[in-house]
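By convention here, the first residue in the shown sequence is residue 1.
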Amino acid sequence: MESPLPSLLTNGERYQKAFQVYNNHSSDSQVMQDFINNRFHDIMSRTINGKSHINVLGIGSGPGDLDLELLSTLHLKNPDMMVDSEVVEPIAELISKYKELVSQNPGLDYIKWKWNNMTVQEFEKDWKEKERTNKFDFIHMFEMLYYVEDMKATVNFFQGLLNKDGKLIICLLAGDCGWAKLDKTYGHRFCIPEISFVVSDKVKQHLDSGGVSYQSYLLPSEIDITECFIEGNEEGELLLDFLTEGLNFKKSAPPELKAGIMELLHGVSVESNGKIILTANFEVIAVDQLS
């Protein structure tokens with residue numbers, strides 16, 4: 001069996017650089033901001049209506065930018081509501097960034113924070129060992145279900161932690177976009193072997209099979225990957241690391257794998273105004289509490 005590439009997740013510093021390059025070359029941030037501004041509060045309105053306090057759990061929250069956007073939006077609609085926010089993030093450097101971001105933003109005194117430097121699997125194990133029984137009104141998983149061994153069990157576990165009228169919000173790549181086609185074709189070469197590639201369609205199929213109520217929202221997005229095809233371009237190399245989850249992909253990948261991935265990337269992208277554009281659509285799935 002072919003060995004997977006060294007994982008980008010093992011190097012927090014390079015991951016942060018690669019993530020920043022991705023943000024600079026992608027419309028993801030703007031698309032997500034539009035979703036938060038135009039749809040998020042409506043999704044959460046029943047959950048927070050009349051509440052003086054809510055419990056929030058963020059899974060794979062990274063440096064915290066998105067968490068603060070979500071919590072700030074809820075606060076604007078319900079300024080008297082207090083929040084207990086618990087965070088699960090496996091990369092210590094990103095938790096440090098998160099704490100720094102909080103310290104730089106005044107007016108967050110309505111939030112009480114708890115950070116957990118652990119994987120989602122470690123969090124679930126710790127939760128069961130401590131026999132915790134508290135529930136959450138809002139749990140969010142933005143682009144993190146790619147990193148779990150059993151997507152179905154993970155979704156079921158966290159859905160079971162929801163309070164009455166609570167929401168579990170999941171965001172993943174949509175299955176028909178160019179980036180998803182890359183992962184479907186080569187995912188076994190650049191991810192942990194026991195973890196299978198997950199797209200939004202698989203989550204919806206799982207929810208449908210259990211008769212679970214949810215709402216879904218497609219977020220069209222794209223990435224400018226032009227620099228990935230420029231030999232020696234540092235930002236292009238970092239972006240390839242992020243797309244493949246490989247550490248120093250250009251240096252660590254075998255020649256045949258590099259050639260195959262570059263050919264596929266070009267084949268599933270479109271050229272526009274001298275740029276090479278990869279579709280990277282996302283889907284948000286808002287899951288209801290178990291009935």
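- Val199 and Leu218 fall into different hydrophobic clusters, where Ile, Leu, Val, Met, Phe, Trp and Tyr side chains are chained together by heavy-atom contacts under 4.5 Å.
- The main-chain N or O of Val212 is never found under 3.5 Å from a side-chain atom of Asp288 such that the two would form a donor-acceptor pair.
- Judged purely by distance below 3.5 Å, without hydrogens or angles, the side chains of Tyr146 and Asp183 never pair a donor atom with an acceptor atom.
- Side-chain atoms of Leu70 and Phe142, non-hydrogen and from C-beta on, do get closer than 4.5 Å to each other.
- Of all non-hydrogen atoms in Gly64 and Leu101, the two that sit nearest each other are C-CD2, 3.7 Å.
- Distance check, rounded to the nearest 0.5 Å: CG of Leu71 to CG of Leu108 gives 8.5 Å.
- Using a 4.5 Å heavy-atom threshold, the side chains of Ile276 and Phe229 count as touching.
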### From CA spacing to verdict: ring-ring contact (aromatic ring centres under 6.0 Å, His included), Phe123, Trp115
CA-CA 11 Å; Phe123 177 80; Trp115 284 279; over 10 Å; no
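- The two residues Gly12 and Ile91 have their closest heavy-atom pair at CA-CG2, 4.1 Å.
- Checking side-chain atoms of Lys184 against main-chain N and O of Gly175 turns up a donor-acceptor pair under 3.5 Å.
- Residues Phe136 and Leu290 fall into different hydrophobic clusters, defined by Ile, Leu, Val, Met, Phe, Trp and Tyr side chains chained together at heavy-atom separations under 4.5 Å.
- Of the possible polar contacts, none joining the Ser269 side chain to the His266 backbone as a donor-acceptor pair under 3.5 Å is found.
- You'll find the side chain of Leu207 reaches within 4.5 Å of the side chain of Val287, heavy atoms only.
- Residues Trp179 and Tyr22 bring their aromatic ring centres within 6.0 Å.
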#### Entry: Criterion side chain to side chain contact (heavy atoms under 4.5 Å, CB included) on Gln289 and Lys167, from CA distance to verdict
CA-CA 6 Å; Gln289 177 208 23; Lys167 285 286 186 181; over 6 Å; no
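- Between Tyr15 and Phe19, the ring planes are parallel. Angles under 30° get that label, and only those over 60° would be called perpendicular.
- Residue Ile277 is found in a hydrophobic cluster whose other members, listed by chain and number, are Val270; membership requires side-chain heavy atoms under 4.5 Å apart, directly or through intermediates.
- Below 30°, between 30° and 60°, or above 60°: for Phe40 and Phe138 the angle between ring planes is between 30° and 60°, a tilted geometry.
- Looking at Asn248 and Pro6, their side chains never come closer than 4.5 Å, going by heavy atoms from C-beta outward.
- Between His75 and Tyr110, the two ring planes are parallel [angle under 30°; tilted spans 30° to 60°].
- Using a cutoff of 4.0 Å between basic side-chain nitrogens and carboxylate oxygens, Asp126 and Lys130 are scored as salt-bridged.
- In summary, Lys51 and Asp137 engage in a salt bridge, as defined by a charged side-chain N under 4.0 Å from a carboxylate O.
- No side-chain donor-acceptor contact under 3.5 Å links Gln20 and Gln16.
- For the atom pair CG (Asn49) and CE (Met81), the distance works out to 10.5 Å, reported to the nearest 0.5 Å.
- In this structure, a donor-acceptor pair under 3.5 Å is present between the side chains of Gln30 and Asp34.
- Put simply, the side chain of Lys99 does not reach to within 4.5 Å of the side chain of Trp113, judged on heavy atoms.
- In terms of modelled atom types and a separation under 3.5 Å, the side chain of Asn78 and the main chain of Leu74 share no donor-acceptor contact.
- No more than 12 heavy atoms of other residues, nucleotides or ligands lie within 6.0 Å of CZ in Arg39, so this atom counts as exposed by the packing criterion.
- Looking at every heavy atom in both residues, Phe282 comes nearest to Cys171 through CB-SG, 4.0 Å.
- For Pro63 against Asp65, the heavy-atom pair with the smallest separation is CG-OD1, 3.1 Å.
- Distance alone, capped at 3.5 Å, is enough to place a donor-acceptor pair between the Ser27 side chain and the Glu222 backbone.
- Among all heavy-atom pairs drawn from Cys177 and Ala280, the shortest one is SG-CA, 3.9 Å.
- Other residues, nucleotides and ligands place no more than 12 heavy atoms under 6.0 Å from the CD atom of Glu231.
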### Query
Which is it for Arg46 and Asp165 under the salt bridge (charged side-chain N to carboxylate O under 4.0 Å, His left out) test, yes or no, and what are the steps along the way?
CA-CA 7 Å; Arg46 184 174 177 182; Asp165 294 327; 3.2 Å; yes
### Task
Output, in order, the C-alpha distance, side-chain angles, deciding distance and verdict of salt bridge (charged side-chain N to carboxylate O under 4.0 Å, His left out) for Lys114 and Asp84.
CA-CA 8 Å; Lys114 179 181 179 181; Asp84 275 0; over 6 Å; no
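- No donor-acceptor distance shorter than 3.5 angstrom exists from the side chain of Asn116 to the backbone of Met118, with no hydrogens or angles considered.
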### Message
Working note: Val203 + Leu145, criterion side chain to side chain contact (heavy atoms under 4.5 Å, CB included); need CA distance, chi angles, decisive distance, verdict.
### Response
CA-CA 9 Å; Val203 176; Leu145 278 178; 4.1 Å; yes
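- Taking all atoms of both residues into account, the shortest heavy-atom contact from Val120 to Thr154 is CG2-CG2, 4.3 Å.
- Of the possible donor and acceptor atoms, none in the side chain of His206 sits under 3.5 Å from a partner among the backbone N and O of Lys202.
- Of the candidates Lys251, Lys250, Lys258, Lys17, Lys251 is the only one forming a salt bridge (Lys or Arg N to Asp or Glu O under 4.0 Å) with Glu237.
- Environment of CD in Glu122: crowded, with over 12 heavy atoms of neighbouring residues, nucleotides or ligands closer than 6.0 Å.
- At a threshold of 4.5 Å between side-chain heavy atoms, the hydrophobic network of Ile, Leu, Val, Met, Phe, Trp and Tyr places Ile230 and Leu239 in two separate groups.
- Side chains of His53 and Val83 form no contact here, defined as non-hydrogen atoms less than 4.5 Å apart.
- Residues Lys204 and Ser216 form a side-chain contact, since some pair of their non-hydrogen atoms from C-beta on lies under 4.5 Å apart.
- Between the Asp241 side chain and the Ala18 main chain, no donor and acceptor come within less than 3.5 Å of each other.
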### Query
Do Leu66 and Ile36 pass the side chain to side chain contact (heavy atoms under 4.5 Å, CB included) test, and can you show the C-alpha distance, the side-chain angles, and the key distance before you say yes or no?
CA-CA 9 Å; Leu66 182 57; Ile36 293 171; 3.5 Å; yes
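- Between the side chain of Ser252 and the backbone N or O of Leu247 there is at least one donor-acceptor pair closer than 3.5 Å.
- Contact check for Thr185 versus Ile261: no side-chain heavy atoms found under the 4.5 Å cut-off.
- The backbone N or O of Asn23 sits nowhere less than 3.5 Å from a side-chain atom of Ser26 that would complete a donor-acceptor pair.
- Side-chain polar atoms of Thr279 and Asn281 form no donor-acceptor pair below 3.5 angstrom.
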### Query
Taking it one step at a time, do Glu86 and Arg132 satisfy salt bridge (charged side-chain N to carboxylate O under 4.0 Å, His left out)?
CA-CA 13 Å; Glu86 188 163 355; Arg132 291 180 59 178; 2.9 Å; yes
#### Entry: Residue pair Lys128, Glu124: steps toward the salt bridge (charged side-chain N to carboxylate O under 4.0 Å, His left out) verdict
CA-CA 6 Å; Lys128 292 175 179 177; Glu124 183 174 344; 2.9 Å; yes
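- With values rounded to the nearest 0.5 angstrom, Asn55 atom CG is found 11.0 Å from Leu161 atom CG.
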